[in-house]
Protein chains: 2
Amino acid sequence: MGDDASARSIEPRAWQAVLEHLERKLLDGDLAPGDRLPGERQLATDLGVGRSSVREALRVLEVLGLIRTHAGSGPTAGAIIIATPGGGMSALMRLQVAANGFPVDDIVATRLLLEAHVAGDLAAATAPDLGAAERLLDAMDDTGLDPAEFLALDAAFHLALAEASGNQVVTATMAGLRSGIEGYALAGHARIADWAGTSARLRAEHRGVLDAIRAADATAARTRIHDHISGYYAEISPDPRLP
Amino acid sequence: MGDDASARSIEPRAWQAVLEHLERKLLDGDLAPGDRLPGERQLATDLGVGRSSVREALRVLEVLGLIRTHAGSGPTAGAIIIATPGGGMSALMRLQVAANGFPVDDIVATRLLLEAHVAGDLAAATAPDLGAAERLLDAMDDTGLDPAEFLALDAAFHLALAEASGNQVVTATMAGLRSGIEGYALAGHARIADWAGTSARLRAEHRGVLDAIRAADATAARTRIHDHISGYYAEISPDPRLP
DNA sequence: GCCGGGCCTGTGGTCAGACCACAGGGTACC
DNA sequence: GGTACCCTGTGGTCTGACCACAGGCCCGGC
């Protein structure tokens with residue numbers, strides 16, 4: 001197992017070898033969040049590949065949210081390991097939706113089940129931290145917001161609920177799901193005739209969800225968040241179910 | 001909508017420009033699954049960037065499961081758009097787990113909630129297609145399987161249930177979750193003293209889940225799949241809850 | 001006329017070298 | 001002692017070149 005040169009002898013893709021090398025380093029604990037990767041030129045000579053191949057692997061890691069690169073010099077320069085899955089998940093969902101790999105309906109359905117679960121969990125928790133969510137709701141009370149700003153705060157509110165649940169996988173997934181249908185949700189607001197009324201309803205529904213969580217009423221929390229999300233998408237859906 | 005360059009008028013990263021160009025093409029319908037992308041050199045001259053930058057973008061798309069590249073000539077050569085989110089999700093989850101961005105516990109918890117939902121949905125469905133799942137269970141009845149083979153079939157069974165639910169997002173996510181903890185699950189089987197007994201129990205639990213689905217008993221289906229998964233991970237967990 | 005092997009072309013895959021912008025740190029000058 | 005400069009090393013990009021590959025084409029033999 002200590003020899004990774006033998007396996008690489010039949011490795012057709014150089015950039016994949018770099019990726020596997022770094023994954024191994026991560027699994028072995030040789031690299032951890034906060035650490036700086038060796039320079040691109042160093043990695044290239046160490047692994048016996050060209051710098052372009054190293055860069056392709058690093059690009060993948062960057063998009064996946066594994067590293068953050070910074071030019072220049074000093075302690076903040078170079079490629080630094082971060083583990084922020086939200087960005088990678090968002091890119092993945094967004095592109096898959098663009099390529100028709102993910103139907104919007106499936107995205108919404110997954111959002112529904114995840115958020116209902118989160119809401120139920122929070123209601124069952126002893127003392128969930130809803131501070132961030134409440135501050136976002138306060139910010140959304142500003143009636144001077146345009147729809148884009150309102151929807152951005154709405155997304156942040158739903159994400160804050162996921163973060164309060166403490167499950168990082170669910171949080172990242174929900175961030176990705178939201179990104180995947182962000183364009184859809186934004187384009188859909190134009191379909192709403194009475195935006196003032198709709199936004200007022202959304203505000204009230206948000207408060208209702210928080211109230212149910214605070215009251216430790218898991219069933220109500222689940223129902224309310226479910227109806228809240230499905231109601232909005234039904235409203236912006238071009239033609240839900242005619243026949 | 002025609003102008004999204006306003007937010008970031010100047011694009012410092014060339015590969016990102018390529019990515020955005022291709023995403024736009026996908027959203028506009030100029031590119032669809034099955035289509036062939038222009039050659040790397042062509043894209044480079046079209047967008048006014050170097051071929052390296054194009055390749056970095058294509059590498060990202062390949063890892064994310066958006067395209068499949070093939071050298072040579074003919075209709076199968078070049079970069080072809082596919083939309084297979086499973087691969088990208090798997091890479092993302094695997095690397096995030098390696099970088100400690102995703103705790104194993106959160107992965108398992110997410111699996112639990114997704115699979116419970118899937119099982120409940122299938123039980124509520126009128127005529128779910130459980131053929132693939134049943135065939136996998138039959139294959140798992142072979143007592144000559146070694147643990148790795150057994151676990152691979154187990155993963156395929158759970159994935160087949162997700163596919164039967166029809167939600168592609170859930171299917172891809174579950175594939176990713178499974179990949180993320182594949183190493184963990186494989187290493188954990190060594191911790192099980194009585195593998196024959198455990199595998200027999202797992203077989204019985206699988207059948208029980210299918211039975212509940214066929215009986216349209218959503219509650220039982222949810223409970224059984226939940227207990228099935230959490231039971232296995234509790235068994236391979238090194239030290240569940242000592243203090 | 002038919003068939004087969006070799007060349008041709010275009011593809012992705014990789015490498016090497018060069019240049020740029022950037023940012024920190026050391027140094028020489030004031 | 002303070003400040004402006006250069007030096008160094010980083011990622012970011014481009015260019016050009018070569019390779020392996022695979023289908024299509026042409027030409028020769030049968």
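Order of the sequence lines sets the chain letters (A, B, ...), proteins ahead of strands, with each chain counted from 1.
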Next item on the list: Select one nucleotide: of C:dC15, D:dG23, D:dC14, the one nearest the side-chain heavy atoms of B:P75.
Entry: D:dG23
Checklist line | Salt bridge flag under 4.0 Å for residues A:D106 and A:R111 | finding: no
Notebook entry, point to check: A:H70 NE2 to D:dG9 C1': how many Å, rounded?
Noted result: 15 Å
Item checked: Side-chain N,O (B:T76) to OP1/OP2 (D:dA22) below 4.0 Å -> no
Check: Between the base of C:dG12 and the side chain of A:R13, is there any donor-acceptor pair under 3.5 Å?
Finding: no
Item checked: Heavy-atom closest contact (A:P128 atom, A:A125 atom, distance) -> CD-O, 3.9 Å
Next item on the list: Ignoring hydrogens and angles, tell me if any N or O in the side chain of B:T173 forms a donor-acceptor pair with the backbone of B:V169 under 3.5 Å.
Entry: yes
Note to self: What I want to check is whether the side chains of A:D46 and A:H21 have a donor and an acceptor closer together than 3.5 Å.
What the structure shows: no
Check: How is A:S52 classified with respect to the nucleic acid when contacts are heavy atoms under 4.0 Å: base, sugar-phosphate, or nothing?
Finding: base
Next item on the list: Show the numbers, then the answer: is there a salt bridge (charged side-chain N to carboxylate O under 4.0 Å, His left out) between B:R59 and B:E56?
Entry: CA-CA 5 Å; B:R59 201 59 51 228; B:E56 291 181 15; over 6 Å; no
Check: Starting at CD of B:E56 and ending at C1' of D:dT15, how long is that distance when rounded to a whole Å?
Finding: 15 Å
Notebook entry, point to check: B:R51 side chain to B:A44 main-chain N or O, any donor-acceptor pair under 3.5 Å?
Noted result: no
Next item on the list: Using a cut-off of strictly less than 4.0 Å between a heavy atom of the residue and any atom of DNA chain D, enumerate the qualifying residues of residues 32-45 of chain A by number.
Entry: A:G39, A:E40, A:R41
Next item on the list: Tell me which nucleotide among D:dT15, C:dG24, C:dG12 gets nearest to the side chain of B:A71.
Entry: C:dG12
Item checked: N or O in side chain of B:R55 less than 4.0 angstrom from C:dG13 OP1/OP2 -> yes
Next item on the list: Please state how far atom CD1 in B:I80 lies from atom P in D:dA22, giving the value in whole angstrom units.
Entry: 14 Å
Checklist line | Nucleotide nearest A:A14 (side chain, heavy atoms from C-beta), chosen from C:dA16, D:dG23, C:dT14 | finding: C:dT14
Next item on the list: With rounding to the nearest 0.5 Å, note down the distance linking NE2 in B:H117 to CE in B:M174.
Entry: 11.5 Å
Notebook entry, point to check: Whole-Å distance between D:dC14 C1' and B:L47 CG?
Noted result: 15 Å
Next item on the list: Verify, without hydrogens or angle tests, whether B:R94 (side chain) and B:G180 (backbone) share a donor-acceptor contact under 3.5 angstrom.
Entry: no
Notebook entry, point to check: Checking all strands, does A:G72 fall into the base, sugar-phosphate, or nothing category for heavy-atom contacts under 4.0 angstrom?
Noted result: base
Item checked: Spacing between B:R51 atom CZ and C:dA18 atom P, to the nearest angstrom -> 20 Å
Check: So, A:S90 side chain and A:S179 main chain: donor-acceptor pair closer than 3.5 Å or not?
Finding: no
Check: Starting at the 5' end of DNA chain D and moving along, which residue's nearest nucleotide shows up first, A:R59 or A:S73?
Finding: A:S73
Check: So what is the end-to-end bend of the helix from C:dG1-D:dC30 to C:dC30-D:dG1, with 5 pairs used at each end and the value given to 10 degrees?
Finding: 20°
Check: OP1, OP2 of C:dT11 versus side-chain N and O of B:T69: anything below 4.0 Å?
Finding: no
Notebook entry, point to check: CG of B:L58 versus P of C:dT11: gap in Å, rounded?
Noted result: 13 Å
Check: Under 3.5 Å, is there a donor-acceptor pair between the side chain of A:E40 and the main chain of A:S52?
Finding: no
Checklist line | Protein-nucleotide distance (B:E62, atom CD; C:dT14, atom C1'), rounded to Å | finding: 14 Å
